[in-house]
Amino acid sequence: MTRAHNFNAGPAALPLPVLERAQREMVEFEGTGMSLLEHSHRGKAYEGVHFQAESLLRELVGISDDYAVLFLQGGASLQFAMIAMNLLHAGKSADYLLTGIWSQKALAEAKLIGKARAAADTSVDGKFTRVPTQAELSIDPEAAYVHLTTNNTVFGTQWHTLPSVGSVPLIADMSSDFLWKPFDMNRYAMVYAGAQKNIGPSGLAVVVMQKELIRAARKDIPVILRYATHADNQSLYNTPNTFAIYMVRNVLEHMKSLGGLAAIEQHNLAKAALLYGALDQDPDFFRCPVEHASRSTMNVVWRLPTEELEDRFVKEATKAGLVGLKGHRSAGGLRASIYNAVSEASIQALIAFMSEFRKTA
Ligand SMILES: *Cc1c(COP(=O)(O)O)cnc(C)c1O
């Protein structure tokens, strides 16, 4: 088997050793006579995995006991709704920093629940090419929370310095750049991420949240949608997605073996520098629409002189074993998602392909 160079935006590349481990353990898990998929979520075998996933995440990031770690179903999108249902108290308003389609969706959900507004919006003709400056933010000091998307998967932008929001609780959707580098959890009241970009399979959201925020959350909502329900039951209120949590545990263990988040950051910075370097060498042909200071280290987007060339690029790249390079339908163009599990060898293969393509275009 030859593994493809996988640039998919999500679900996305996973580390090969993690997949091979899952394969080895699939039919019989740790001598128990059955697959982990067949184990009770209340039994010892699964519980070991479940709590190890949590402790590895706490260790890698450095999460204090003031925060709960939750593994929830419904991906990142359910969080858009749960955040507002739990935290948007009657009479309060929430601020959203609009930097792409995911933050727009988060705001739209919040508006169905209560009062919410855009405290920044960098869209021009429906497209986003940068994140806002501090001066462009109009934070309501009384807001229930400020919500931002740390990395904009579709438009290829990323916050490289966190905005200052005073004493308003900051909530971040980190779906597409979770654990790409170390970060200070204490700057946030809550962070969450759909697992399928950087740390595992789809359908699972990892939520890290101040226990205080959970205690103060609304109670007039369905039990299953309350953060308190999941925190009180250590994410075992109902049957969790056991296999996805197992895969996340394996990815986290793999990340630890690589030297943790600081080592992973160096690897990611080197990959992004290589690819942007190749684009910048020939900016008339490979045009990156994103402002320099907002460039994402995870999703690199670029255009070619015509849409015909872009279509041809995707087709020929796929034939050459480079998969997932078509841009999102709302942004057009090309996109390489270069998450943690994408190797430098894959970036080199892409750059070599780009240079060959350039010669024949
Ligand atoms: C992919 C993505 C989502 C949506 O994730 P789902 O798990 O499909 O709900 C939300 N936010 C960001 C930033 C994403 O990249």
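For ligands, and for the atoms within them, numbers begin at 1 and follow the listed sequence.
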Step-by-step side-chain hydrogen bond (donor to acceptor under 3.5 Å, both in side chains) determination, His50 to Ser235: CA-CA 9 Å; His50 188 85; Ser235 306; 4.7 Å; no
Working for side-chain hydrogen bond (donor to acceptor under 3.5 Å, both in side chains), residues Arg335 and Ser296: CA-CA 11 Å; Arg335 169 176 58 176; Ser296 168; over 6 Å; no
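When hydrogens are left out, the protein atom nearest atom 8 (O) of ligand 1 is Gln196 NE2, 3.4 Å; that is the closest non-hydrogen contact. Looking from atom 1 (C) of ligand 1 to the surrounding protein, the closest heavy atom is Lys197 NZ, 1.4 Å. In this structure, atom 9 (O) of ligand 1 lies nearest to the protein heavy atom Ser77 OG, 2.6 Å. In terms of protein heavy-atom proximity, atom 11 (N) of ligand 1 is closest to Asp173 OD2, 2.6 Å.
Here the closest heavy-atom approach between residue Ile139 and residue Val165 is recorded as CD1-CG1, 4.1 Å. Heavy-atom minimum distance, Gly156 versus Val290: O-CG2, 3.6 Å. Annotation for Met354 and Leu279: closest pair CE-CD2, 3.5 Å, computed over non-hydrogen atoms. Between Tyr246 and Glu25, the shortest heavy-atom contact is OH-OE1, 2.6 Å. Here the shortest heavy-atom pairing between His147 and Ala106 reads CE1-CB, 3.7 Å. Across Ser176 and Thr153, no two heavy atoms sit closer than the pair OG-OG1, 2.8 Å.
Proximity to Ser176 (heavy-atom distance under 4.0 Å) selects the following atoms of ligand 1: 15 (O). Near Gly75, with a cut-off below 4.0 Å to any heavy atom, the atoms of ligand 1 are 7 (O), 9 (O). Close contacts of ligand 1 with Thr149, meaning ligand atoms under 4.0 Å from a residue heavy atom, involve 13 (C).
Geometrically, ligand 1 and Asn151 share no nitrogen or oxygen pair separated by less than 3.5 Å. Below 3.5 Å of separation, one finds no N or O of Phe80 facing any N or O of ligand 1. Among the atoms of Thr153, some N or O lies under 3.5 angstrom from an N or O of ligand 1.
A heavy-atom separation below 4.0 Å is not found between Lys105 and ligand 1.
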